[in-house]
Amino acid sequence: MSAEQDLFGDWETDFEEEDFSSDLFGAEAGRKQNEARRADLAEEFMPLAKEIAEEMDDGRIPLDDLIAEAYVGLVTGINQLAEEESDWGGKPMDQAIEEAIRKAVEDAQKEAKDLQIRDDQVIVQVEKLNKSIDHLTEEFGDRPTVDELANDMEIPQEKVMDILKLLGENPGEA
């Protein structure tokens, strides 16, 4: 196909409109066929994804949610394989898909573990704040200020205010 630019900047080409249309529809048919193959692969590997989720279940995440994460990993793996055009890093396709599923489940479990650690840290801070409030109230007879709580807990005032807000209290009232 040759193209020449005329003086006005418009492109002239010998590419016929019907050639473009047939090529476009050919690409569309190929895309639909590719999507159908991906759907077939997903359906084929769904039992494996469920089996892996059940095998890796550590009780932190409800099993149905873990299975859903495995399905996400399955679809992600299939899409990555489709983009890598049959190389798959030298691995058989089923092994590459299984690895993608396992990675998705592991990532979900790690995220749940990290969230649990953060929740535990917040609980410890709330307990420490409550003890400090009780101690200072007993010592001085009045509810302590944010500054007094921060000094007693040896943390910044902003952190005390954040914990109080989390508890639904107005930091100005502390």
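Just the heavy atoms: all of them, side chains too, but no hydrogens, waters or symmetry mates, feed the values below.
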Just one of Gln157, Glu158, Met153 clears the side chain to side chain contact (heavy atoms under 4.5 Å, CB included) bar with Ile155, so which one?
-> Met153
Single-linkage hydrophobic cluster, 4.5 Å side-chain cutoff, [X] and [Y] together:
X: Ile67; Y: Val75; answer: no
X: Val126; Y: Leu149; answer: yes
X: Ile133; Y: Met161; answer: yes
X: Leu115; Y: Leu166; answer: no

Roughly how far, to the nearest 0.5 Å, is [atom2] of [Y] from [atom1] of [X]?
X: Glu148; Y: Arg143; atom1: CD; atom2: CZ; value: 11.5 Å
X: Asn79; Y: Leu74; atom1: CG; atom2: CG; value: 9.5 Å
X: Lys159; Y: Asp162; atom1: NZ; atom2: CG; value: 7.0 Å
X: Leu167; Y: Gln125; atom1: CG; atom2: CD; value: 11.0 Å
X: Leu66; Y: Asp58; atom1: CG; atom2: CG; value: 7.5 Å
X: Glu127; Y: Ile163; atom1: CD; atom2: CD1; value: 11.5 Å

Can you run down the side chain to side chain donor-acceptor pair (under 3.5 Å) pairs that involve residues 97-106, sequence neighbours left out, and say none if there aren't any?
->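 Those involving residues 97-106 are Glu55-Arg102, Lys91-Glu99, Gln95-Glu99, Glu98-Arg102, Lys103-Asp107.
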Testing the basics here: between [X] and [Y], what is the closest heavy-atom pair and its distance to 0.1 Å?
X: Ala70; Y: Ala53; result: CB-CB, 4.0 Å
X: Pro144; Y: Thr137; result: CD-OG1, 3.4 Å
X: Ala42; Y: Ile78; result: N-CD1, 3.4 Å
X: Ala150; Y: Pro156; result: CB-C, 4.1 Å
X: Met46; Y: Tyr71; result: O-CE2, 3.6 Å
X: Gly73; Y: Ala100; result: O-CB, 3.6 Å

CD of Glu111: more than 12 outside heavy atoms within 6.0 angstrom?
-> no
Can you tell me if Gln109 uses its side chain to pair, donor with acceptor, with the backbone of Met56 under 3.5 Å?
->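 Pair found, side chain donor or acceptor close to backbone of Met56.
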